[in-house]
Amino acid sequence: MQTYDLTEKGLRGLNSILHAQHEETNQVSWEVVNPRGSHAIAVGLDAPLEVTIKGSTGYYCAGMNQGAAIRVEGSVGPGVAENMMSGSVVVEGDASQYAGATGHGGLLVIKGNASSRCGISMKGIDIVVHGNVGHMSAFMAQAGNLVVCGDAGDALGDSIYEARLFVRGSVKSLGADCVEKEVLPEHVGILKDLLERADLHARPEEFRRYGSARKLYNFDIDNVADY
Amino acid sequence: MKDTETAIPRTLPIQSATFTNEVNAEIRRAAATGIYDIRGGGAKRRVPNFDDLLFLGASVSRYPLEGYRERCDTSVTLGTRFASNPIELDIPITIAGMSFGALSGPAKEALGRGASAAGTSTTTGDGGMTPEERRHSSMLVYQYLPSRYGMNPNDLRQADAIEVVVGQGAKPGGGGMLLGQKISDRVAEMRTLPKGIDQRSACRHPDWTGPDDLEIKILELREITDWRVPIYVKVGATRPYYDTALAVKAGADVVVMDGMQGGTAATQDVFIEHVGLPTLACIRPAVHALQDLDVHREVQLVVSGGIRSGADVAKALALGADAVAIGTAALIAMGDNDPKWEAEYQKLGSTSGAYDDWHEGRDPAGITTQDPDLAARLDPVEAGRRLRNYLKVMTLEAQTIARACGHNHLRNFEAEDLCALTMEAAAMAQVPLAGTDWFPGKGGF
Ligand SMILES: Cc1cc2nc3c(=O)[nH]c(=O)nc-3n(C[C@H](O)[C@H](O)[C@H](O)COP(=O)(O)O)c2cc1C
């Protein structure tokens with residue numbers, strides 16, 4: 001285990017050391033102490049590293065992660081794991097806005113609550129939130145799964161494309177073109193797997209599924225109010 | 001008719017200057033279809049532009065350089081502020097971002113070939129980076145757009161520069177649009193969208209709003225790319241002074257300012273014609289912002305929107321830009337709107353020079369299409385050669401004017417080299433009305 005004191009040694013040093021690790025590195029495990037809400041911690045990683053951040057972070061923690069397993073023992077600022085490609089990011093606390101924005105792959109787990117626009121423009125990432133998500137979550141969500149064990153705020157899934165949304169609690173309101181859909185056996189399988197990987201003991205049957213009504217896919221003057 | 005019988009004179013039919021035939025046709029089209037007009041290209045109406053400026057040339061007080069004897073250099077470096085690998089261009093004319101999706105694969109390849117042969121950069125667009133354009137572009141700028149279609153860290157690390165797109169001159173404040181006809185299998189896969197649906201790109205970035213956030217976003221991009229490559233911020237011309245100042249504050253290496261004549265792949269006509277500032281009007285405020293912050297030439301300014309010739313390039317540089325970017329002109333050089341396809345333009349209800357239904361994907365010239373048969377009409381080697389020639393001609397033209405003004409480098413152009421033909425142009429460019437030493441606003445009103 002390598003320990004890196006962020007306050008003492010600075011952000012540039014941390015990211016450049018982590019970028020220098022490649023597939024075969026034997027310095028796999030890293031611990032970052034004194035993060036003190038810094039931005040852009042452990043961004044652009046491209047190797048199967050295990051990074052634990054001991055404390056809370058600012059914006060874009062674990063941005064564009066590719067292959068690393070990153071754990072934050074605290075809360076995260078806006079845009080955690082934005083545009084993640086693969087690997088995993090686990091947040092022990094809460095997440096601010098845009099958690100998992102535009103992510104293409106990998107798994108993001110938020111053990112607390114996530115603020116507004118969680119999963120905005122998601123493109124294949126899986127996001128599991130133990131608590132609630134704020135308004136406009138999964139806005140223009142294209143692909144992937146968003147699992148919310150608590151409640152969802154206003155305008156869930158507005159202008160959604162093909163992402164799947166699963167919510168256990170209440171949904172304050174659905175956004176344009178987002179509708180409730182039947183939970184099919186294939187969805188139960190997806191949910192079971194995600195709940196297990198996110199360390200959650202909930203039953204898939206308790207969730208309701210939401211997705212696109214596909215009415216806005218091609219312009220139609222009769223739907224103009226929804227654009 | 002007898003001479004004594006006089007017919008009652010009648011008034012001639014008068015066409016309204018308000019309700020012109022074009023206006024009426026648009027009203028009828030809207031009434032019939034229930035959808036606004038969508039098209040490609042930039043503003044078509046006349047706005048004050050570079051044609052309203054003239055160079056003064058040498059005289060007794062300035063001496064010219066000998067045309068074929070004395071050097072007039074053309075190189076420019078972009079990204080000197082923070083990047084460890086700035087972009088070194090042989091000429092101050094770059095190729096603007098145009099997406100694969102809007103343009104065909106061969107068209108993107110041709111842009112790369114032509115730009116590389118002329119020693120300049122090309123730029124990706126909404127939809128991500130294709131291997132073809134990376135392979136054929138010696139310097140490739142990777143756009144970071146609100147949609148983040150195809151955005152991935154591998155391509156980011158392969159880029160020679162990153163351009164954070166806040167807006168475009170054709171549609172400042174608007175998002176993108178790619179209609180279903182152009183979403184082929186490959187385009188759909190790159191954008192993670194179902195085939196054949198109308199694809200709307202967001203107008204705002206999904207994970208930042210405002211200049212303070214942008215500063216942190218730029219930090220993230222620099223950290224991911226280890227501070228190697230320059231980061232540009234592209235804005236549509238609206239509030240050029242403040243947008244430039246805020247981009248500088250957010251940490252941009254380069255500001256790209258795109259005026260309202262700038263082309264787009266597709267957007268509402270009402271947007272193209274009625275939102276934004278003419279290119280001519282946005283350069284001086286942007287330069288003033290850079291000067292006020294003491295970073296003029298340290299943060300480079302790239303200007304685009306309606307640049308057509310070496311004279312336009314020279315005028316943009318004289319007003320304080322470091323380089324220009326071209327979109328539409330590059331497409332025309334490659335073969336867009338060529339009269340040789342006139343019969344086909346007619347079939348599409350248009351004519352060469354006016355064809356702008358690029359969003360429909362039926363471009364006879366094979367450039368703004370995803371139809372494999374049409375796209376095959378464009379030979380990327382030949383189109384690349386035409387683009388290279390055109391870029392060289394523009395450069396030669398700018399050098400010709402520079403020597404005539406006594407400059408041994410294009411960067412030495414200055415506003416004092418210019419005068420304006422109209423009051424509007426004098427006010428916008430802040431150069432004297434021809435034959436006077438005055439422009440509106442000089443010395444206060
Ligand atoms: C076909 C086409 C596609 C374009 N696609 C993009 C794009 O994806 N991203 C972007 O920032 N600008 C895009 N633009 C705008 C250009 O980058 C540039 O701002 C503009 O073309 C400059 O004006 P000009 O066409 O008069 O040279 C596009 C323009 C055209 C003509």
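Here is the naming used below: chain letters follow the sequence lines, and residue numbers restart at 1 for every chain.
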| query | Got a sec: does the CZ of B/R29 have more than 12 other heavy atoms crowding it under 6.0 Å? | reply | yes

Whatever's closer than 4.5 Å to a heavy atom in chain A on B/P194 counts as side chain

Only residue of A/Q66, A/M85, A/M64 satisfying side chain to side chain contact (heavy atoms under 4.5 Å, CB included) with B/N154 is A/Q66

When the 4.5 angstrom heavy-atom criterion is applied to B/R157 and chain A, the contacting part is side chain

Under a 4.5 Å heavy-atom criterion, the part of residues 124-132 of chain B in contact with chain A comprises none

On a heavy-atom basis, the closest approach of B/E220 and A/A40 is CA-CB, 3.9 Å

For B/E22, I'd like to know if atom CD has over 12 heavy atoms of other residues, nucleotides or ligands within 6.0 Å. no

When the 4.5 angstrom heavy-atom criterion is applied to A/L14 and chain B, the contacting part is neither

Within 45° cone and under 6.0 Å: B/K217 NZ/CZ vs A/Y59 ring
no

Between A/N218 and B/G196, the two heavy atoms sitting closest are ND2-O, 3.2 Å

For A/G63 and B/I224, the nearest pair of non-hydrogen atoms, with its separation, is O-CD1, 4.4 Å

Practice problem: For B/K249, look at atom NZ and say whether over 12 heavy atoms of other residues, nucleotides or ligands are found less than 6.0 Å away. | Solution: yes

Quick note, ring-ring contact (aromatic ring centres under 6.0 Å, His included) partners involving residues 62-117 of chain A, not counting sequence neighbours, are none

- Where the side chain of A/N83 meets the backbone of B/M151, is there a donor-acceptor pair that is under 3.5 Å apart? yes

### Query
Is B/E189 atom CD crowded by more than 12 heavy atoms from other residues, nucleotides or ligands, each under 6.0 Å away?
no

Without swapping roles, check the side chain of B/D207 against the backbone of A/I120 for a donor-acceptor pair under 3.5 Å.
no

Sorted by chain and number, sequence neighbours left out, side chain to side chain contact (heavy atoms under 4.5 Å, CB included) with B/H359 holds for B/I38, B/L179, B/A266, B/D357

Of the listed A/R12, A/R117, A/Q142, the one with the largest count of heavy-atom pairs under 4.5 Å with chain B is A/R12

In terms of heavy-atom contacts, B/S147 and A/S121 come closest through O-OG, 4.4 Å

Under 4.5 Å to a heavy atom of chain B? For A/S16 that would be both

With sequence neighbours left out, the residues meeting ring-ring contact (aromatic ring centres under 6.0 Å, His included) with A/Y161 are A/Y217

d(A/E82 CD, B/R148 CZ) to nearest 0.5 Å is 6.0 Å

d(B/R222 CZ, A/L11 CG) to nearest 0.5 Å is 13.0 Å

